[in-house]
Amino acid sequence: MRNLFVSLLAIAVLALPAAGKTPKKVKANENTNPFLTEYTTKYKIPPFEKIKYEHYLPALEQGIAQHNQEIEMIANARQTPTFENTVLALDNSGETYNKVCAVFVALNESDATPEMQEIAEKFMPMMTAHNDEIYMNEGLFSRIKMVHNNADQMGLDDVQKRLVEKYYKKFVRKGALLNAEQKEELMKINQREAELELAFGKNVMREMSENVIYVTDKSQLSGLSQEVIDGAAELAKSRGHQGWAFTASAATRLAVLNDADNRDLREKMYKLYTSTASHGDEWDNSENINEILKLRTRKANLLGFETYADYACDAVMAKTVENAEDLLMQIWWPAIKKVDEEVADMQKYADAHGANFKLEPWDYYYYAGKVKAERYSFSEDEVRPYFELNSVVKNGIFYVANKLYGITFTEMKDAPKYNPEVTVYDVKDAQGKHLAVFMTDYFPRATKAQGAWMNEMQSAFNYNGVEERPIVYNVGSFNPPTSNSPSLLSIDQVETVFHEFGHALHGMMTQVAYRGLAGTNVDRDLVEMPSQINEHWMLVPEVLKNYAKHYKTGEVIPQALVDKLIESSKFNQGFMTTELVGAALLDIEWHKLNWCDNIDVKAFERSVSKRLRKPEIIEYRYRSPYFKHIFNSEEYSCGYYTYLWSQVLEADGWERFQQEGPMNVNVANDYRRYILEAGDTEDAMTLYKKFRGKEPDAKALLRLRGLE
């Protein structure tokens with residue numbers, strides 16, 4: 001997942017001054033707020049050890065004040081508007097503001113202590129209000145509009161025109177064409193929505209960290225790996241309990257659902273997770289969902305759209321809700337048909353082994369694993385010892401990046417870190433030139449949000465002789481090392497490592513001059529393609545044998561296991577696809593509503609399931625009360641489907657690598673040039689076709705998943 005930065009086009013640190021005189025910077029001294037001085041660290045990595053809780057809000061206030069001065073200088077400049085004194089100046093503005101926002105967003109997701117959560121309650125509304133003020137600044141928009149309308153006469157090149165067009169559309173979508181009364185209403189909507197989204201995420205995080213299953217009978221742990229059992233024992237001890245403790249965090253939840261022989265434990269885990277933030281108590285997100293959707297609908301209406309779904313789809317490759325739904329339904333029907341076959345196989349296995357019950361949702365993962373083990377003669381426990389996290393990183397994702405693109409990764413042991421578990425790398429290109437800083441943060445914490453994501457603390461910039469390279473990070477929640485073993489991953493977790501690193505490559509390898517077009521600042525429909533296509537290298541035999549080595553013996557994974565992994569890669573794709581497409585369709589259905597009365601969240605989900613004929617044994621990948629992609633921010637709201645849109649590009653694009661060779665450097669060079677380096681310098685489909693040589697074929701995804 002690309003965790004999109006909630007800031008002005010995700011821009012980072014100021015490299016060139018805006019039009020007019022730049023506000024004076026504070027000189028450093030022992031008591032200076034670190035955000036208010038130049039970072040003196042190598043590559044301008046934030047000096048985390050100096051940043052205290054009390055620094056955030058004062059830095060944000062001063063950053064907003066400085067940014068407002070810069071915006072006013074641009075908006076009120078006497079010179080005729082040009083690309084340089086208006087659009088480029090805006091793209092480069094907000095140094096302090098973006099510095100503090102970048103660090104805050106990173107830590108609020110990965111280290112959301114009670115202190116950070118308290119800060120967030122003030123920080124997020126301030127950030128929202130500031131962005132609104134920028135996008136509704138009439139003087140600023142007037143100058144951008146003038147540049148937009150006269151781009152041809154100004155002799156701008158295509159990339160400059162692209163940046164101008166992007167800002168113009170962004171302003172229009174943020175309300176620049178509304179009258180004063182409408183702007184005031186929209187600002188109130190945005191402010192309230194930010195508060196509700198923050199509350200939504202806080203409820204989910206609290207539920208995930210505080211809701212625990214305690215086990216005192218060791219016999220209930222049958223089937224679980226020793227690593228999982230040891231981790232559960234350590235968690236119980238840390239919470240003052242005897243025995244073992246399990247939360248619904250991804251690594252623990254999937255371990256229980258996949259491996260626990262005890263059906264009652266599986267049922268408890270499934271219900272614990274699927275009832276997250278929906279208990280009817282103070283942490284229930286139902287009211288937040290209703291109010292968020294009402295606000296989004298009103299926003300869409302103000303901006304000239306019938307529904308929020310229409311508003312969301314208008315800005316991306318799909319263009320219309322109908323196009324998005326058409327793509328999803330092409331995948332949905334083959335997927336649920338495949339589910340029927342998968343469930344029948346599982347029920348047959350269960351019956352043959354004395355189950356004497358009809359399979360329920362909490363049985364799906366378990367019996368899928370049993371059928372997979374029987375069909376392909378291997379289990380997760382058999383392969384997990386070959387997937388040690390450090391090897392997956394250094395001998396897997398780094399190996400591929402070096403072979404295809406020539407880049408290298410050197411650990412910076414003395415670099416600042418926001419948490420001791422973070423590892424920092426200096427990334428260099430084939431000529432030895434610094435390309436990026438890359439950080440990894442892979443283990444769960446009570447203060448860390450669930451899931452995995454990529455983001456940036458500094459964007460790329462290269463203009464007029466001044467260059468800055470990005471600071472990119474990957475975050476995950478994988479099995480931590482225990483006293484008995486290192487961090488050992490499931491095959492799904494290995495896939496996640498490769499996925500998030502695909503996003504990281506997109507951010508690190510950008511060669512775009514302007515921040516607003518650099519790296520992952522692309523259409524949401526495209527942003528997941530680099531991450532998803534990167535997953536494929538995990539099973540390329542040359543790569544797999546390089547990183548999949550037994551953590552005790554160093555033995556390379558046997559060829560027989562490699563063959564089985566590849567053969568089984570299409571197993572259970574009906575379930576995986578139905579789970580994902582179902583969530584995407586649920587997202588769209590929520591945002592198609594022209595909202596009136598409060599709706600019962602559970603009843604609405606059931607009605608959507610019934611219309612779609614969703615198999616009862618499969619739950620949405622995320623039920624609404626913990627669907628953070630769409631209710632914790634607007635970035636993926638009515639946009640979860642873009643994972644599938646990107647997967648079509650991924651599947652079709654991967655077919656070129658399959659045809660010409662997965663380690664073919666010539667293909668990789670095209671992919672690097674038109675996808676990884678190009679950012680948003682051209683229309684996303686244009687760039688894709690330059691790489692692929694043709695339009696994408698939607699059936700490529702069905703072929704890839706064995707659904708056709």
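Side chains included, hydrogens not; waters and symmetry mates left out as well; all remaining heavy atoms used. The model shown is predicted, which means the values in this text are computed figures rather than measured ones.
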> What pair of heavy atoms forms the shortest contact from His503 to Val527, and how long is it?
Replying inline: CE1-O, 3.2 Å
>> With side-chain contact (heavy atoms from CB on, under 4.5 Å) as the criterion, how do Asn211 and Arg206 come out once you've worked through the C-alpha distance, each side chain's angles and the decisive distance to 0.1 Å?
In response: CA-CA 8 Å; Asn211 288 347; Arg206 181 266 179 190; 4.1 Å; yes
> For Glu528 and Ser531, does a side-chain donor sit closer than 3.5 Å to a side-chain acceptor?
Replying inline: yes
> Of all residues at least two apart in sequence or in a different chain, which pass the ring pair (Phe, Tyr, Trp, His ring centres under 6.0 Å) check with Phe246?
Replying inline: none
> Is the closest basic N to carboxylate O distance between Lys448 and Glu421 below 4.0 Å?
Replying inline: no
> Any sub-3.5 Å donor-acceptor pair from Asp587's side-chain atoms to Gly639's backbone N or O?
Replying inline: yes
> Just wondering, do Asp426 and Lys428 contact through their side chains at under 4.5 Å, heavy atoms?
Replying inline: yes
>> For a side-chain contact (heavy atoms from CB on, under 4.5 Å) check, start with the C-alpha distance between Leu328 and Ile588, then their side-chain angles and the critical distance, and finish with the verdict.
In response: CA-CA 11 Å; Leu328 293 176; Ile588 289 175; 3.7 Å; yes
>> Which heavy atom of Ile675 sits nearest to which heavy atom of Pro530, and what is that distance?
In response: CG2-CG, 4.0 Å
> Do Asn203 and Tyr626 come within less than 4.5 Å of each other through their side chains, counting heavy atoms only?
Replying inline: no
>> Between Tyr674 and Glu682, do the side chains contain a donor N or O and an acceptor N or O under 3.5 Å apart?
In response: no
> Do the side-chain N and O atoms of Tyr364 and Asn572 include a donor-acceptor pair separated by under 3.5 angstrom?
Replying inline: yes
> Can Phe691 and Arg673 be said to form a side-chain contact (heavy atoms from CB on, under 4.5 Å), step by step?
Replying inline: CA-CA 8 Å; Phe691 159 64; Arg673 178 182 178 186; over 6 Å; no
> Taking the six-membered ring for Trp, are Tyr620 and Phe627 ring centroids under 6.0 Å apart?
Replying inline: no
> Got Leu644 and Leu701 here, is their nearest side-chain heavy-atom distance under 4.5 Å?
Replying inline: yes
> Between Thr578 (side chain) and Phe575 (backbone), is there a donor-acceptor pair under 3.5 Å?
Replying inline: no
>> Below 30° counts as parallel, above 60° as perpendicular, anything between as tilted: where do the rings of Phe398 and Phe409 land?
In response: parallel
> Are the aromatic rings of Phe478 and Phe387 close, with centres under 6.0 Å apart?
Replying inline: no
>> Tell me the closest heavy-atom pair linking Glu655 and Ala700, and the distance in Å.
In response: OE2-CB, 3.8 Å
>> Looking at Val228, is its backbone amide N or carbonyl O close enough to the side chain of Ser225 to form a donor-acceptor pair, meaning the two atoms are under 3.5 Å apart?
In response: yes
>> Donor-acceptor check, side chain of Asn108 to backbone of Phe104, threshold 3.5 angstrom: yes or no?
In response: no
> Counting only N and O atoms by type, is there a donor-acceptor contact under 3.5 Å from the side chain of Glu468 to the main-chain atoms of Phe461?
Replying inline: no
> Side chains of Tyr640 and Arg621: closer than 4.5 Å at any heavy-atom pair?
Replying inline: yes
> Between atom CD1 of Ile397 and atom NE2 of His499, what is the distance when rounded to the nearest 0.5 Å?
Replying inline: 12.5 Å
> Between atom CZ of Arg656 and atom CG of Asp670, what is the distance when rounded to the nearest 0.5 Å?
Replying inline: 4.5 Å
> With distance as the sole test, does Lys166 use its side chain to make a donor-acceptor pair with the main-chain N or O of Gly516 at under 3.5 Å?
Replying inline: yes
> Do Arg469 and Leu435 have side chains that get closer than 4.5 Å, going by heavy atoms?
Replying inline: yes
> Side chain of Asp523, backbone of Asp525: donor and acceptor closer than 3.5 Å?
Replying inline: no
>> Can you see whether Gln493 engages Asn479 through a side-chain donor-acceptor pair at a distance of less than 3.5 angstrom?
In response: yes
>> Using 0.5 Å steps for rounding, measure from the OG1 atom of Thr510 to the CG atom of Asn521.
In response: 8.5 Å
> For the side chain of Arg524 and the backbone of Thr642, is there at least one donor-acceptor N/O pair under 3.5 Å apart?
Replying inline: no
> Short question: side chain of Glu207, backbone of Ala277 - any donor-acceptor pair under 3.5 Å?
Replying inline: yes
> Do Pro470 and Ser459 come close enough that some side-chain heavy atom pair is under 4.5 Å?
Replying inline: no
> Do Glu382 and Lys564 pass the salt bridge (Lys or Arg N to Asp or Glu O under 4.0 Å) test, and can you show the C-alpha distance, the side-chain angles, and the key distance before you say yes or no?
Replying inline: CA-CA 12 Å; Glu382 189 178 359; Lys564 291 171 184 177; 5.3 Å; no
>> Working to the nearest 0.5 angstrom, can you tell me the gap between Asn632 CG and Leu198 CG?
In response: 7.5 Å
> Within 45° of the axis and under 6.0 Å from the centre of the six-membered ring of Tyr273, does NZ or CZ of Arg253 qualify?
Replying inline: yes
> Should the ring pair Tyr547 and Phe498 be called parallel, tilted or perpendicular, given that the plane angle runs from 0 to 90° and is split at 30 and 60?
Replying inline: tilted
> Are side-chain N/O atoms of Thr447 and Asp111 paired as donor and acceptor at under 3.5 Å?
Replying inline: yes
> Hey, are the side chains of Gln458 and Tyr43 touching, using non-hydrogen atoms and a 4.5 Å cut-off?
Replying inline: no
> Any idea which heavy atoms bring Glu227 and Thr482 closest together, and the distance?
Replying inline: O-CG2, 3.8 Å
>> I'd like to know if the side chain of Glu388 reaches the main chain of Asn390, judged simply by a donor and an acceptor atom lying under 3.5 Å from each other, with no hydrogens or angles considered.
In response: yes
> Is the centre of the Phe657 ring less than 6.0 Å from the centre of the His536 ring?
Replying inline: no
>> For the NZ atom on Lys403, are there more than 12 heavy atoms of other groups (residues, nucleotides or ligands in this structure) within a distance under 6.0 Å?
In response: no
> Stepwise, does the side-chain contact (heavy atoms from CB on, under 4.5 Å) test hold for Tyr473 with Asp441?
Replying inline: CA-CA 8 Å; Tyr473 56 95; Asp441 179 8; over 6 Å; no
>> Could you measure the distance from the CG atom of Asn285 to the CZ atom of Arg623? Nearest 0.5 Å is fine.
In response: 11.0 Å
> Relative to the ring of Trp537, is the ring of Tyr671 parallel (under 30°), tilted (30 to 60°) or perpendicular (over 60°)?
Replying inline: tilted
>> I'd like to check Ile407 versus Leu505 (side-chain heavy atoms, cut-off strictly below 4.5 Å). Are they in contact?
In response: yes
> If you measure from OG1 on Thr423 to CG on Asn474, what distance do you get to the nearest 0.5 Å?
Replying inline: 11.5 Å
